[in-house]
Amino acid sequence: MAGLTHPQDLKYTRSDEWVRVDGDHAVIGITDYAQDQLGDIVYIELPWDPQMLTREEKFGDIESVKATSELISPLSGEVLRANDTLKNTPELINESPYEDGWMLVVKITHPAELDNLLSAANYEAYLQGR
């Protein structure tokens, strides 16, 4: 895990998604650890049309040269936008998981769910115990 980053200003899940909160909106993606474990990402399926997400339920799939994995929603909310750039360049998730490789912008419907997410320090401790 040397060299992997987990920015302090984000929240994390045990299923390796991250959340950047901005008011009542959240930007969601997968962690540097997750993209590293997946290897070269070749395809992503996201909710391209507005829909509701439920915390801890599947919202998409990500496929790499190694495996296909489900994406699990860290929060409940309404999908406002998906990162359309990922349709043609999913490798951005490998190159820049916290910036260019973001996946969704969601309007948070249950702010109390943020309390279930991990800080960067707690996420890193969780990874150490895996």
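Fair warning: this is a prediction, and the values are worked out from it, not measured in the lab.
- E91 and T89 share no donor-acceptor pair across their side chains, judged by distance under 3.5 Å alone.
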One pair to check against side chain to side chain contact (heavy atoms under 4.5 Å, CB included): S69 and L38. What are the steps and the verdict?
CA-CA 8 Å; S69 298; L38 283 166; 3.4 Å; yes
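- With salt bridges taken as basic N to acidic carboxylate O contacts below 4.0 Å, none links K11 and D115.
- Residues V19 and A26 come closest through the heavy atom pair CG1-CB, 3.7 Å.
- Side-chain heavy atoms closer than 4.5 Å link hydrophobic residues (I, L, V, M, F, W, Y) into clusters, and following such links, possibly through other members, connects W48 to I30.
- When all heavy atoms of T31 and H6 are compared, the closest pair comes out as CB-CD2, 4.3 Å.
- Judged by distance alone, with hydrogens and angles left aside, the side-chain atoms of S119 form a donor-acceptor pair with the main-chain N or O of N122 at under 3.5 Å.
- Judged purely by atom type and a 3.5 angstrom limit, E17 has no side-chain atom pairing as donor or acceptor with the backbone of L71.
- Nearest approach of L4 to Y33, heavy atoms of both residues: CD1-CA, 3.8 Å.
- Across N94 and I41, no two heavy atoms sit closer than the pair OD1-N, 2.8 Å.
- Using a 4.5 Å heavy-atom cutoff, the side chains of P50 and L80 are not in contact.
- Closest non-hydrogen pair, A120 versus P7, comes out as CB-O, 3.6 Å.
- Using a 4.5 Å cut-off between side-chain heavy atoms of Ile, Leu, Val, Met, Phe, Trp and Tyr, with links allowed through other members, L114 and L10 fall into different hydrophobic clusters.
- Looking at Y43 and I62, their side chains never come closer than 4.5 Å, going by heavy atoms from C-beta outward.
- For the salt bridge (Lys or Arg N to Asp or Glu O under 4.0 Å) condition, no pair includes a residue of residues 69-86, sequence neighbours left out.
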Derivation of the side chain to side chain contact (heavy atoms under 4.5 Å, CB included) call for R55 and S73:
CA-CA 5 Å; R55 183 172 84 85; S73 183; 5.6 Å; no
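- For the pair I108 and H25, the minimum side-chain heavy-atom distance is 4.5 Å or more.
- The shortest distance between side-chain heavy atoms of P74 and I28 falls below 4.5 Å.
- With a 6.0 Å cutoff to the six-membered ring centre and a 45° limit on the axis angle, R14 counts as a cation-pi contact of Y126.
- No chain of hydrophobic side-chain contacts below 4.5 Å, direct or via other Ile, Leu, Val, Met, Phe, Trp or Tyr residues, connects V105 to L92.
- N88 and P90 make their closest contact through C-CD, 3.5 Å (heavy atoms, listed as atom of the first residue, atom of the second, distance).
- By the 4.5 Å heavy-atom criterion applied to side chains, D16 and L127 are counted as neighbours.
- When each of Y123, W102, Y98 is tested with W18 by the rule ring pair (Phe, Tyr, Trp, His ring centres under 6.0 Å), just one qualifies, namely Y98.
- Between I44 and M103, the closest side-chain pair of non-hydrogen atoms falls below 4.5 Å.
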Could you walk me through whether T85 and D100 pass the side chain to side chain contact (heavy atoms under 4.5 Å, CB included) check?
CA-CA 9 Å; T85 305; D100 298 331; over 6 Å; no
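- T109 places none of its side-chain heavy atoms less than 4.5 Å from the side chain of L75.
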Applying side chain to side chain contact (heavy atoms under 4.5 Å, CB included) to S76 and T54, what does each step give before you reach the verdict?
CA-CA 4 Å; S76 298; T54 302; 4.3 Å; yes
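- Counting heavy atoms from C-beta outward, V27 and V106 have side chains that stay 4.5 Å or more apart.
- With hydrogens and angles disregarded, no donor-acceptor distance shorter than 3.5 Å links the side chain of Q51 to the backbone of V79.
- For the atom pair CG of D40 and CD1 of I93, the computed distance is 12.0 Å after rounding to the nearest 0.5 Å.
- Proximity of a side-chain donor or acceptor of Q35 to a complementary backbone N or O of D32 within less than 3.5 Å is detected.
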